[in-house]
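Structure first, then comments.
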Amino acid sequence: MANESRVRRIGVLTGGGDCPGLNAVIRAVVKTGIFEYGLEAFGILDGYEGLVHNRMIPLDESAVSGILTVGGTILGSSNTAHPFKYVPHGQKGAEPQDVSDQCVENFRSAGLDVLICIGGDGTLSIAHGLAEKGIPVVGVPKTIDNDICGTDVTFGFDTAVQIVGEAIDRLHTTAMSHHRAMVIETMGRYAGWLALVGGMAGGGDIILIPEIPYKMERVFDVVEERSKRGKRFSIIVVAEGVQLPGGGYVIRQEVADTHHKTRLGGVGVWLAKEIDTATPVESRAVVLGHVQRGGTPTAYDRVLATRLGHAAMVQAVEGNTDVMVGRQGTRIVAVPLLDVADRQRLVDPDGQIVRAARAVGTSFGDE
Ligand code: F6P
């Protein structure tokens with residue numbers, strides 16, 4: 001296809017926490033650009049950090065060859081670099097500066113025409129801010145949390161679900177041998193998608209997610225009832241963003257200078273102790289943590305990532321910017337970044353997925 005647009009050179013960056021499929025998007029962006037439009041592509045290193053400091057590398061066909069199946073990102077990422085509230089690397093606690101003009105200057109001096117930003121809510125809302133300063137941007141949604149508005153699903157989620165499901169399979173057998181309640185804590189921040197879908201895939205007996213308030217007594221009852229029925233083990237999947245009964249979260253760390261100031265983690269350990277104390281059933285906790293973000297993407301994520309990368313490049317060349325590409329139904333569409341930035345897509349507590357889980361006997365600790 002001939003390139004009749006004014007777009008000749010594009011930049012691509014990966015921001016925020018990584019997830020499987022980022023390299024597949026980079027590959028699709030670069031290959032579509034080269035093969036379909038005869039463009040030049042540049043990779044910006046370490047997310048917005050590289051845009052602030054003008055660190056870019058040329059990406060030709062060989063640079064993206066062989067990366068479809070590789071986890072992580074060949075460009076590196078940063079979930080602290082924020083051009084509008086920038087704190088230089090290694091200077092934690094320093095007064096944040098607005099260095100967005102520097103980013104615009106670096107973008108222009110590199111001769112870039114469009115910037116493709118692959119990232120989660122933080123990266124996409126910064127992308128929208130840069131669009132308002134005149135940089136034509138196209139966003140690509142990524143996250144294992146699956147919580148981005150404007151898309152039915154994000155790449156990385158399917159791989160993480162697979163990892164959660166496999167972990168539960170393994171924990172099932174040891175839970176059975178020892179007649180234990182095994183608590184598995186998933187990531188996902190304040191959204192319950194990963195616990196819900198991963199928990200369903202692993203046949204969790206109890207799934208606790210932030211979107212459905214639970215009662216501790218109900219959790220204890222379910223564990224004990226199962227025990228009395230001869231099922232002397234239970235699998236309990238809990239999302240890291242589930243609140244404690246009195247309100248508040250279990251927090252791993254509070255951090256300044258990042259989009260997400262609270263690092264969650266540990267609610268599973270707390271829950272296992274409570275079950276251990278309140279019921280006759282011995283309990284253990286496993287926090288799956290960053291294992292959920294690592295490794296090779298599933299076939300589904302590779303294909304979704306490829307479609308999104310291709311679509312992002314098409315939007316860029318057609319001049320449809322300040323948008324994010326996403327999957328709605330079976331189609332890839334473009335939605336305004338404004339409708340996506342700083343919003344979150346949560347599980348519908350009355351939706352079909354939750355109803356299906358309840359129908360097969362999964363408890364959400366609420367009834
Ligand atoms: O948003 C992705 C995610 O993996 C969340 O599920 C998790 O809470 C967070 O990032 C962990 O962030 P970090 O890598 O900074 O510890």
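In listed order, ligands and their atoms are each counted from 1. Residue numbers count from 1 along this sequence.
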**Request:** Evaluate the side-chain proximity of Arg55 to Asp46: yes if any heavy-atom separation is below 4.5 Å, no if none is.
**Result:** yes
**SB check Glu224 Arg226 (cutoff 4.0 Å)** = no
**Fill in**
In ligand 1, the atoms that come under 4.0 Å of a heavy atom of Glu240 are 5 (C), 6 (O), 7 (C), 8 (O)
**Message:** Just so I know, are the side chains of Tyr214 and Phe364 near enough to count as touching, which here means a heavy-atom distance under 4.5 Å?
**Reply:** no
**Asked** For atom 11 (C) of ligand 1, what is the nearest protein heavy atom, given as residue, atom name and distance?
**Response** Arg293 NH1, 3.6 Å
**Prompt:** Between His53 and Tyr48, is the gap from one ring center to the other below 6.0 Å?
**Reply:** no
**Message:** Centroid separation under 6.0 Å, is that true for the rings of Phe233 and His172?
**Reply:** yes
**Item:** ligand 1 N/O within reach of Ile144 N/O, cut-off under 3.5 Å
**Value:** no
**Message:** Below a 4.0 angstrom heavy-atom separation, can you tell me which part of Arg252, side chain or backbone, both or neither, approaches ligand 1?
**Reply:** side chain
**Message:** Counting non-hydrogen protein atoms only, what is the nearest one to atom 14 (O) of ligand 1? Give residue, atom name and distance.
**Reply:** His290 NE2, 2.9 Å
**Message:** Quick one, Arg9 and Phe42 - any side-chain contact, counting heavy atoms below 4.5 Å?
**Reply:** yes
**Request:** May I ask whether Gly120 places a heavy atom under 4.0 Å from ligand 1?
**Result:** no
**Message:** Starting from atom 2 (C) of ligand 1, what is the nearest protein heavy atom, named by residue and atom, and what distance separates them?
**Reply:** Asp145 OD2, 3.3 Å
**Prompt:** Counting from 1, what ligand 1 atoms have a heavy atom of Asn79 closer than 4.0 Å?
**Reply:** 15 (O)
